[in-house]
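In what follows, a single structure is set out as structure tokens and then discussed.
Since we're looking at a predicted model, the values are computed, not measured.
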Amino acid sequence: MAILAMKRVSIYGLKADSKPILEKIQRAGVVEIQDFVEEDEVFKKVKMPISASEFERNIRDAEAALEILNTYKEEKSGLLSSFKGRDVIEEEDYDTFYKKLAEAKKFVNRILELSRDINEKNGEILRASQQLDMLVPWESFDMALNSTGTEKTAIFIGALPGEQTLETIAAGFPEDLLVDVEIISKDKNQTCIMAVALKEDKEQVSSALRAMGFAYPALVVPYTPIEYKERLLAEIERYKEEIAKEEEEIISYNDKRPEIKFMADYQSIRAEKYEVASSLPQSDHTFILSGYIPEINVKDLEQTLEPYSVIIETEDVGPKEDSPVALKNNAFSSSVQGVVESYALPAKGEIDPSFLISLFYFVFFGFMLSDAAIGILIFVGAGVLLLKNKNMEHGLRNNVKLFMCGGLSAIFFGVLFGSYFGDFFQTVSSFFFGKPLVVKPLWLDMAANPMTALTLALIMGIIHIFTGLGANGYQLLKRKKVADFIFDVVVWYVVIGGLLVKCLSMQMIMDILAGGATPPFSAEIGNIGLYATAAGAVVILFMGGRSSKNWGKRLLKGAYALYGITGYLSDVLSYSRLLALGLATGVISSVANMIGTMFGKGFVGVVIFTLVFLIINAVNIGINTLGAYVHTNRLQYVEFFGRFYEGGGRPFEPYSIKTKYYKFKEK
């Protein structure tokens, strides 16, 4: 278990070398940049000539182009593609990409241009389609829709509300007014008409029509409806042909995805570099970069920057300084590092609990599954994922390793308790073949001996809690708080240890937990344990509130501290969930086996048994694997961390290459 020692670092370099130096530091990814140097008359921050907004715009354009390509030809991605990780590139590919950047931008701009044009033409198609709908009531009309009359006549083309007849329309005109009305079409919503009158009567006719709710058509064009319909259909067809060609051109850029993705990452890298460059204090000829660096990376950074004229100075971090936290563990413990980070990073003066967690995590995980067959599936599945996805992201790789180790532990406990998809082998052999094949547990049958398994679970819980208490003692001694170590750790060991000795000397407890086994301690030793507990309780009563000088408050605080023994009891009992989940996995599989045998031994029975087995066990694996993961985490976070760990450290966030699609090959 290791929290990397941090150093303050200051890098002084020539301004002329700032670009390659920043690139080297970015690729090294070991320096968290912090602005420790204040501006003065000599060193000032200088805005870069290229703003980050330009890079961000290019990134957005590249992402938009990729989305457009996906709408026409989605990139192939399997069910497990999320495990693949980013593609790996050589540093040389990045260094030479600037030569291809202009061409990549050209692809992106063309794709965006085509997409905009397609959207505009689709809009025109929609408009033309709407106009076609407007023409439907006028299709039988054989005059231009913008006709207004002749030299001596006035023509009114439009619609009246509702379904009307010639008689109801004629009733709307004055009796002495000569008007000829023709109904073009009608439905319950409107009646389309053409009215013809003498030009001198135009105003009277117009007034009468307005009174009836007359409205001119939305389309007033110099064509007959049939002519205009043909023009619209031709226009739609033309737009569709143009769109098809433009879509084909977009699809032709599908093989340019790598360049477009690289452009997005390339611009992202440059954006961060320019942002950092703008934050550095600079003089006419030099610059200063300051921040934090893990001590183990100092020499590597010095070697990386050796070709340049730089001065690298480091100093110890102050005791009250808010320095970042970075963890480094071995291959085994690193798999649970994500569990620690998801809770909180260690605060100053705390230990990295990753190693301690790894000692218990997989034991609890495997105990909660306790099925060798399911363990094999999880172990093999995780192993295949790791082997087939060499570029899997670091955090995801650790999580997969966590489940692989958990599967290995489930195999161990499954063999120990004799569970292989429950009683699968026994059920199949006896029901279908008439010869029962009993796979005996290496130690005990959990379902037949639940109290023994519960005892084991509680013992593991006590060891887990005691380890957490010991970790607290280690931290107190490290901080030279000897009194706190004695009264907050050693005395509690005495109190709880004494109670355990007393319980293990009682036949009643052994009858409950160990099936009537002989107590390992005699009654006399049990009494000694009880006396030790009483003595420890007295010490806690008087010293638990030692921070108060007032004896009244001190005793009250001590009594409250002594009340904490109930917390230890409830925490120990919470480990009974190990038994509950361990039983659930095997019992559900056994129930699936039993249900499957209810449909006979024939061909249909075998098929149904197989389906029932696969479906129920698939659900069983999913639910109980998730349950083992969640409850194992809970035991760490609540019962274990509650003894010694607070967290609250700030994560180390180095200036590094943050990309979406590609990553540099690790050296």
Residues 169-185 vs salt bridge (charged side-chain N to carboxylate O under 4.0 Å, His left out), sequence neighbours excluded, gives none
Donor-acceptor side-chain pairing of N620 and S589 below 3.5 angstrom
yes
For residues 380-393, the salt bridge (charged side-chain N to carboxylate O under 4.0 Å, His left out) pairs (sequence neighbours left out) are R86-E393
Check: Is the shortest heavy-atom distance from the side chain of V37 to the side chain of L289 under 4.5 Å?
Finding: no
Take F83 and N391 through the test side chain to side chain contact (heavy atoms under 4.5 Å, CB included) and record every step on the way to the result.
-> CA-CA 8 Å; F83 292 95; N391 297 331; over 6 Å; no
Applying salt bridge (charged side-chain N to carboxylate O under 4.0 Å, His left out) to E341 and not counting sequence neighbours gives none
Exercise for the section: Can you establish whether the number of heavy atoms outside K15 located under 6.0 Å from its atom NZ is more than 12? Expected result: yes
Q. Any side-chain heavy-atom pair from M392 and K84 closer than 4.5 angstrom?
A. no
key: Short N-O contact, R650 and E32, less than 4.0 angstrom   = yes
Note to self: Could you walk me through whether K273 and Y655 satisfy the side chain to side chain contact (heavy atoms under 4.5 Å, CB included) test, starting with their C-alpha distance in whole Å, then the side-chain angles of each, then the deciding distance to 0.1 Å, before giving a yes or no?
What the structure shows: CA-CA 9 Å; K273 184 177 68 177; Y655 169 51; 3.4 Å; yes
Exercise for review: Run the salt-bridge test on K261 and D87 with the 4.0 Å N-O cut-off and return the result as yes or no.
Suggested key: no
Hits for ring-ring contact (aromatic ring centres under 6.0 Å, His included) against F641, two or more places apart or cross-chain, chain-then-number order -> Y343, Y637, Y645
4.5 Å side-chain heavy-atom contact, Y266 and N58: no
Distance-only check: which donor-acceptor pairs under 3.5 Å involve side-chain atoms of residues 192-216, not counting sequence neighbours?
unit_1 : atom_1 : unit_2 : atom_2 : d
K199   : NZ     : T150   : O      : 2.9
S206   : OG     : R210   : NH1    : 2.9

Note to self: Between F55 and Y274 (judged by ring centroids, cut-off 6.0 Å), do the two rings come close enough to count as a pair?
What the structure shows: yes
Applied to residues 215-234, the salt bridge (charged side-chain N to carboxylate O under 4.0 Å, His left out) test, sequence neighbours excluded, yields E139-K229
Residue pairs meeting salt bridge (charged side-chain N to carboxylate O under 4.0 Å, His left out), one or both in residues 115-131, sequence neighbours left out, come to D117-K121, K121-E242, K121-E246, E124-R127, R127-E235
If you define the side chain from C-beta out and look only at heavy atoms, does anything of T148 sit under 4.5 Å from I157?
no
Residues at least two apart in sequence or cross-chain that pass side chain to side chain donor-acceptor pair (under 3.5 Å) with N254, listed by chain then number, are R257
If you measure from the Lys or Arg side-chain nitrogens to the Asp or Glu carboxylate oxygens, is any gap between K660 and D265 under 4.0 Å? no
- Query: Under 6.0 Å between ring centres, would you say that holds for F287 and F43?
  - Reply: no
Taken in chain and number order and not counting sequence neighbours, the residues that satisfy ring-ring contact (aromatic ring centres under 6.0 Å, His included) with F36 are Y292
Fill in: Flag side-chain contact, heavy atom, 4.5 Å: I588 against V619
no
The complete set of ring pair (Phe, Tyr, Trp, His ring centres under 6.0 Å) pairs with one or both residues in residues 232-256, sequence neighbours excluded, reads F107-Y253
Residue set satisfying ring-ring contact (aromatic ring centres under 6.0 Å, His included) with Y662, at least two apart, ordered chain then number -> F262
For V587, the side-chain contact (heavy atoms from CB on, under 4.5 Å) test, sequence neighbours excluded, returns V591
Exercise for review: For the pair S342 (side chain) and G338 (backbone), establish whether a donor and an acceptor sit closer than 3.5 Å, ignoring hydrogens and angles.
Suggested key: yes
